[in-house]
Each structure stands twice: as C-alpha cells, then as structure tokens.
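Have a look at the structure below, then the notes.
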Amino acid sequence: MLYIYRASHRQENRPRKRRVRDRALQEHGKQLSCRGRAGAGCLMPSGSFWCSPRGVEGINPELKLCLHLRETSSEQPEHCGAPPEDTPRTLELENNLLLSLASVWQSFYLLRTQTGRQAVTGERGVIPAARAQGRLVGGGRESAATHSFFDSRQRERSLPHQHMSTEPSLERDLDGLGKQATDGHTRLTDISGGTEGGSMASIPEYYASKNVLITGATGFMGKVLVEKLLRACPEVKALYLLVRPKAGQSMEERVSDMMTCKLFDRVREDNPDFHQKIIPISSELTQPGLAISPEDVETLSACINVVFHCAATIRFDEPLKHALQLNVIATQQLLGLAKQMHHLEAFVHISTAYANCNRKHIDEVIYPPPVEPKKLIDSLEWMDDSIVRDITPRLIGDRPNTYTYTKALAECVVQQEQDKLNIAIIRPSIVGASWQEPVPGWIDNFNGPSGVFIAAGKGILRTMRANNDAVADLIPVDMVINLTLAAGWYTAVHRPKSALVYNCTTGGINPFHWGQIEHHVMSSFKRNPLEQAFRRPNANITSNYLMNQYWILVSHKFPALIYDFVLRLSGQKPQMMRIFNRLHKAIGLLEYFSSQDWEWNSENMSMLMSQLTPEDRRTFNFDVRQLNWPEYIENYCIGTKKYVLNEDMSDIPAARQHLRKLRNIRYTFNTVLVVFIWRVFIARSQMARNIWRRRQPWPLAVSRMQHLRL
Ligand SMILES: CCCCCCCCCCCCCCCC(=O)SCCNC(=O)CCNC(=O)[C@H](O)C(C)(C)COP(=O)(O)OP(=O)(O)OC[C@H]1O[C@@H](n2cnc3c(N)ncnc32)[C@H](O)[C@@H]1OP(=O)(O)O
Ligand SMILES: NC(=O)C1=CN([C@@H]2O[C@H](COP(=O)(O)OP(=O)(O)OC[C@H]3O[C@@H](n4cnc5c(N)ncnc54)[C@H](OP(=O)(O)O)[C@@H]3O)[C@@H](O)[C@H]2O)C=CC1
C-alpha cells in the first residue's frame, strides 16, 4: 500500500505534512532513514510505502504496482496529485535515493513474506478491490499519460493478446515508470500494456505456442538462449534460427552439430525430440535482404511472434565497414523484416553496456548517436577500404574500437523503429561463463576475460595492465539470457511506449574488482591446473604502464626468446614469440575495459525482476546479488578447462604433478642464477667483494662461526 501526500516545501505546509506523516507512522510504520528534501518515506509493516508525490515521480514500478492511494487525513484530497512540473534534477536524484532504499527494502520484504508476494502479484485482490471501490487514484501525470497512451496504442495496433485474460488489469494501469529518452535525457514515461488482462501470463505460459526468431544462434549467447528457451519453455512452438553456411558446413549441419554439444545435454534428457522445434533458415546478414529466400520471408512474416537479435561481430579490431555492415545495416534490415511480421509482439535487440563507454555514468536510455547512422552508411558506401581505415580513428572518436561505435549506432537504428515495434534493448557488460545453467561454468570461446584467464592458467600471461580497484563488470551468460527472455515477455505483455533499455550489469549491485579476480583466478588454476602449462600460473595486474612494460620484457619476451632458442636448437619451429605477440595484441585491446570504471544504472533490471512471479524469478533468475564471486570464478576457470580446452578433469593430478615439476625447475633455475651471479660479480671482482663485505656482514659472521666450530 502506498500512501501519498503532496509534499510541499513551502514553510506553511510543513506542519500539515508532518502531521500526516506522523499519523501514518503512528498507525503503521517505520520511518526510512534517508535524507533529502524529497521528504522521508515510511515503510509500513505490510510492505506499503509512504512518501511524497515527488517520490512517486521516480518511483520504482514495483512499488507503483502496489499503489493504493488512500486518504491519510482529511486534508489529503487537495494535496494529492501530480508532482510539480518543475521538479529540479537534484530533487529527482534525492528521490531516486529514497526510492532505491525503498526498493531494496521492498524487495527484501517481498522475498521474505507471503504477504509481500501477494501484494505484488495482487493475489489477495487488494488492488482490484481498490479499483472496484473507486478508491484508486493514479499518480496524476503518469497515470493520465498511461491511459491515453494505452488507448491510442490499442487503437493503433490490433496485435493479438491471446496470452491475456479480459479482466481489467490494475497492475498494468499503475505500472508505468520506465525511463526513456529520445533526446539523451531521462524522462518519465508510462509503460502501458497492450492488453486489458487481469491475470498475467507467466514467462513459460507466454512463450507457449509462440514462434521465435533468433539471429546469432550459433554464437555464445545465442546457443544459451536456444537451450534455455527449449528447456524452460518446453511449449514454445518453434525456434527459427537465421544461420549462414560456414567453413564448408551447410547451415543444417551447423545446427545439428550445435545441438549435439554438451550444452544441450539437459534439454536432450528432458525431450529427446527437441530438435524438431528448431527450424534453420539460411541467412547471411551482410547481404541485401539478409539473403533470406522470398519463401522464407513469407513464412517468417506469417508466423513470428518474438525476435531476439543476437548476431553481431564482437571483434574489437573489425574494419569499420564490416562492423557497420553487420552491426548496423543488418540490424536495420532485420527491423525492416520485423515490420512485415503480422504477429510480432516483441523485438529484443542485444547491445552492449559499452556502447556508450565514452561516458562514465550510463543510464538506461538511448543516447544520441555519434553520427547519424544513415549519413555514415551513405558516406562509407563509396569509400575505398584504405580511406575508411585512415579516417576510422577520427570517426570513432573517444570510443576505443569499431565494435562499441557500431553498437551505439545500432541502438539508434533500433530506436528509430520504436513507434512501430515493441522493442527492448539488452545491454550486457562483460558476458562470462554460466553461473548455474545449464551447468556451472559453461563457456565456449576465448572472448573477453576467458582468453586472459586461460593464458594466465597456462602460465603464459604474467602481467597485464588493469586497475586492481576497478570494478570488473562480469555477468554470467545464463543471467543475461534469463533477463533477455524476461524482457521479451515483458515487452510483449506490457508494450512499452518506446524501447526500454536494460543495463544488464553487476557492478552497481554486487561489485567485484579486477584485483580480486586476479587473486581468485590464480588460486583456482593452482587448485585445478590446466594441462601442459608453460609456467606456473602467476599473473600480476598493474595500472602502471612502465611497470607493465618491464614485466612484459622480463616475464614474457625473455622466456619466449629462451624457449624459442631451445626449440631452434632441437630442430623445431620457434613459436613462443609469435604466441606472445598475439597475446599482446589481444590484451592491448582489452586494457581499455580493465583499466577504468563505469557506473551503470540498472533500475529497469530491478523493475523487471519485481514484475516476475516467484516461480519465474526462480526459473529466470537474474538477481546478481546472489552471485558468490569466488565460487563463480572457480567454476569459470574449471569451465574454461572443461569446455573450451576440452581437458579431462581426471587429469588434474597429472597437471598438478606438472606444476610441481615446473616449480622445481624454477627453484633450480633461480639457484643456478644466484650462484652464477655470485661467481661472476662477487668472486671475480675485488671491488665487488669489498662492497659485498661492507654491505653484508653476514658472510663474515658465517665464516667466523665456522671458524669457532672448527
Ligand atoms: C588474471 C587476469 C585478470 C584480469 C583480466 C582482465 C580481462 C579484461 C577483459 C575485458 C573485456 C571487455 C569486453 C567488453 C565486452 C563486450 O562488449 S564484447 C565481447 C567481447 N569481445 C571480445 O572479447 C572480442 C575480442 N577479440 C578480438 O577482437 C580478436 O579475437 C583479437 C583479440 C583481436 C584477435 O584477433 P585475431 O588475431 O584475428 O585472431 P583470433 O583467431 O580471433 O584469435 C587469435 C588468438 O588470440 C587468442 N585470443 C582471442 N581472444 C583473446 C583474449 N581475450 N585473451 C587472450 N587471448 C585471446 C585466441 O585464443 C587465439 O589464439 P590461438 O588459438 O590462435 O592460439
Ligand atoms: N560476449 C560478450 O561478452 C558480449 C556480447 N554482447 C553482445 O551479445 C551478442 C552476442 O554475442 P556473442 O554470442 O558473444 O557473439 P558470438 O561472436 O559468439 O556470436 C555472434 C553470432 O552472430 C552470427 N553472425 C556473425 N556474422 C554473421 C553473418 N554475417 N551472418 C549471419 N550470422 C552472423 C554468428 O554466426 P556464425 O556462427 O555463423 O559466425 C554468431 O552466431 C552480440 O550482439 C554482442 O554484441 C554484448 C556484451 C558482451
């Protein structure tokens, strides 16, 4: 229950405001300890929250959902209503603080108590009852907007709502404070629903009998998405996958290969015939019309309900023209195809949290693009590749690579279609191995930190430039996919007015730092070593450029030279220097991300979580607070061993033995080196001997002791 009192900051209104608050407190509550001119909020034992309309303005929809405006005093009606239009930004921030606290409190309450869960799911009928009795007054501006938008959207489109019942839904009427911006600024908006259903379909219920189109299904995240959809939403009708033939394999062969991989073991157990639901469609996204045949276009237009667009080039060094082709133009073409789909309910675009990495604080809004995408596409079309290469640094400006640059442009392209489609944009940060599903630690590539972990585990990587204290915004792939599926559901069911952006990150909620990652990766690889390690795992990260260069020389280049020399002597091809050069190129591209901090606002992620039923919250868990980092990193490292390098866990004792051997070699080497230095610099030089004796009295002491013993 939410009590609202119009908080006036005018002096003469203060006593009255205080009176109402005191009464609410006396009757029900406990005051939230937060400061700010927005006024204090009171959290009631029942889970309701008392605050000013200023608070309501920025209120988290999970609270909004529980909105039940009630008279709190006789003066209340005249003080109840929309917040002033001129709410300054500082006040909004204060409100956000207040509401974040309330939101945390509320989430805690909801998790802990049955009453709270019922309050949110409306199971006890408080909200419908309030509606029926006409006691509910929407929070002024937002509510009015919600209704008008809702009505106009309903008129504009007559999309199917078979997943909804026909009961009026108060939750959805009240729901409605997602943040949007078309102009780079956060503003309030309403999240209106496209249906008037009272009982919300759960996620698996929603996806039941739906046709889903997925791009990038053969990639890291795409595979996990396909697996999870098949496993958690077994009633899904069909998954259409846009796949290209590659490396001599037809698209059918690639898809059937994919389905035999370990990732699909659990689905296979549950439903051995799951492959029948998968329909590969031949498509090369860089070609005109996505190279989809006219028959396939017709099929897709007729049946697709939800699109997940995961395909992209994620290489940081991709030439701009190609990155633009795939990340922007292909997205544009897919949106064009989506507009032809008669039954499309949601279009989910996977972006990256680093699309706006030129900013330090990133809200869940689509920022103005660095350049108008269409203009860039037109200009690059006629340009020679060499010219494009020359002007790329100027074009990407303060972004580190063509990947983040083109992902930012893609968001803009997606935004341009938000009036015609129901769109969600997911922005994951650094996607890592799975946390729990389908197995802990599942990963299948060298991208991002995985390659670095492996190189460190193999003992090749000894140093890297990173900031020990910077937040390592890793997020497990299963959490990203759970959020993606939930966002697809929410978008289809609620039909936000404009594209909702979900920053899918961990740093703001459950931060972990690169220094801690280094420590846990090293200790994990010592417990579970990789086979045939080059040296014992012992990497250090430093933010100091010179220090890093020194260690590169001493710990990378020098051993590589010795190793290659030995290989050459034994008649083999030298290879270590080549490996190090590639490694340096890779880590050079990653340093930008490991050396600084970003702050992402992830309110929409919390909002989405609050909209799920308890069951969905368990099945599609993306609550990053539950991540236990040391455990996750341990599973991640084991995952790289098992699933990327295909090493057998039963070989661990042998691998440990190998590490012990390497340690003994190192001890021997160090001892020999010390003796050698001693011989060269001490024993042979009178001056060095004199210095040594003066500085280090212990050899004298030792010799005296020996003399005494004799
Ligand atoms: C204990 C320490 C803790 C500190 C730890 C800090 C980690 C700090 C991570 C920040 C991460 C930000 C991530 C942003 C999050 C996104 O938004 S997007 C997703 C991330 N995208 C990527 O990671 C793509 C980066 N990769 C690339 O751009 C290209 O693979 C590279 C690195 C330029 C190499 O291209 P290439 O030379 O054409 O060759 P490619 O065939 O791709 O790979 C060549 C070799 O490099 C290796 N390699 C590829 N990627 C990597 C890698 N990440 N690492 C090492 N080796 C790699 C491959 O294994 C391969 O080795 P071989 O198998 O041939 O022996
Ligand atoms: N991995 C990460 O850390 C992060 C990823 N993201 C985003 O998530 C999404 C998925 O990333 P991820 O799964 O890691 O990437 P992958 O590189 O693993 O997968 C990319 C997918 O796109 C497909 N694809 C690429 N080019 C074409 C083409 N020309 N025609 C058809 N399909 C093509 C690939 O197909 P094929 O197998 O044929 O090459 C593959 O299925 C991307 O949009 C990325 O920007 C965002 C943040 C972090």
Side-chain angles (χ1 to χ4, degrees), residues 213-227 241-251 253-255 257-258 261 263 280-292 307-316 318 321-331 333-334 348-357 362 401-411 414 425-434 442-452 472-481 483-484 501-506 589-590 593-594 598 600 636 644:
L213 177 74
I214 302 174
T215 70
T218 49
F220 171 47
M221 285 168 55
K223 269 184 233 170
V224 181
L225 176 65
V226 171
E227 195 274 342
L241 314 183
L242 294 193
V243 184
R244 57 178 171 172
K246 197 174 166 186
Q249 277 191 309
S250 70
M251 52 129 192
E253 283 167 345
R254 293 191 68 201
V255 171
D257 259 17
M258 178 182 106
C261 93
L263 180 72
I281 301 273
S282 177
S283 169
E284 165 56 66
L285 297 180
T286 52
Q287 295 302 310
L290 308 174
I292 306 177
V307 175
F308 291 103
H309 178 36
C310 302
T313 167
I314 63 166
R315 293 180 66 99
F316 293 150
E318 197 71 77
K321 240 181 174 174
H322 187 252
L324 192 77
Q325 184 73 49
L326 190 52
N327 294 353
V328 186
I329 301 175
T331 304
Q333 297 202 55
L334 189 69
V348 183
H349 170 73
I350 311 291
S351 182
T352 162
Y354 296 98
N356 301 291
C357 59
I362 299 158
N401 50 47
T402 53
Y403 169 67
T404 52
Y405 180 73
T406 51
K407 287 302 259 189
L409 295 181
E411 284 194 0
V414 172
I425 296 180
I426 315 293
R427 285 192 191 143
S429 45
I430 303 171
V431 184
S434 61
W442 188 83
I443 176 94
D444 75 343
N445 60 66
F446 289 90
N447 291 331
S450 312
V452 177
D473 213 301
L474 274 181
I475 182 143
V477 63
D478 45 346
M479 283 191 166
V480 178
I481 294 307
L483 180 127
T484 303
V501 178
Y502 300 86
N503 282 346
C504 183
T505 60
T506 52
L589 293 167
L590 300 179
F593 302 94
S594 56
W598 286 267
W600 286 276
Y636 194 154
V644 183

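Counting convention: from 1, in listed order, for ligands and their atoms alike.
The shortest N/O to N/O separation between Gly216 and ligand 2 falls below 3.5 Å. Annotation: Asn447 places no N or O atom under 3.5 Å from an N or O atom of ligand 2; distance criterion only. Considering both main-chain and side-chain atoms, Ile314 never comes within under 3.5 Å of ligand 2 through any nitrogen or oxygen pair. Residue-to-ligand polar distances place Val431 within reach of ligand 2: an N/O pair is separated by less than 3.5 Å. Residue Ile430 has no nitrogen or oxygen atom sitting less than 3.5 Å from a nitrogen or oxygen atom of ligand 2, judged on distance alone. The shortest N/O to N/O separation between Cys310 and ligand 2 falls below 3.5 Å. On a distance-only criterion, Leu326 and ligand 2 share no N/O pair closer than 3.5 Å.
Contact annotation: for Lys407 versus ligand 2, heavy atoms closer than 4.0 Å belong to the side chain alone. With a heavy-atom cut-off of 4.0 Å, Ala353 does not touch ligand 2 at all. Under 4.0 Å from ligand 2, not a single heavy atom of Arg427 appears.
Close approach of ligand 2 to Ser429 is summarised as follows: ligand atoms under 4.0 Å from at least one heavy atom of the residue are 47 (C), 48 (C). Heavy-atom contacts of Lys246 reach the following atoms of ligand 2: 36 (P), 37 (O), 38 (O), 39 (O) (cutoff under 4.0 Å).
In this structure Glu284 satisfies the side chain to side chain donor-acceptor pair (under 3.5 Å) test together with Thr286, sequence neighbours excluded.
Ligand 2 has no atom lying under 4.0 Å from any heavy atom of Thr313.
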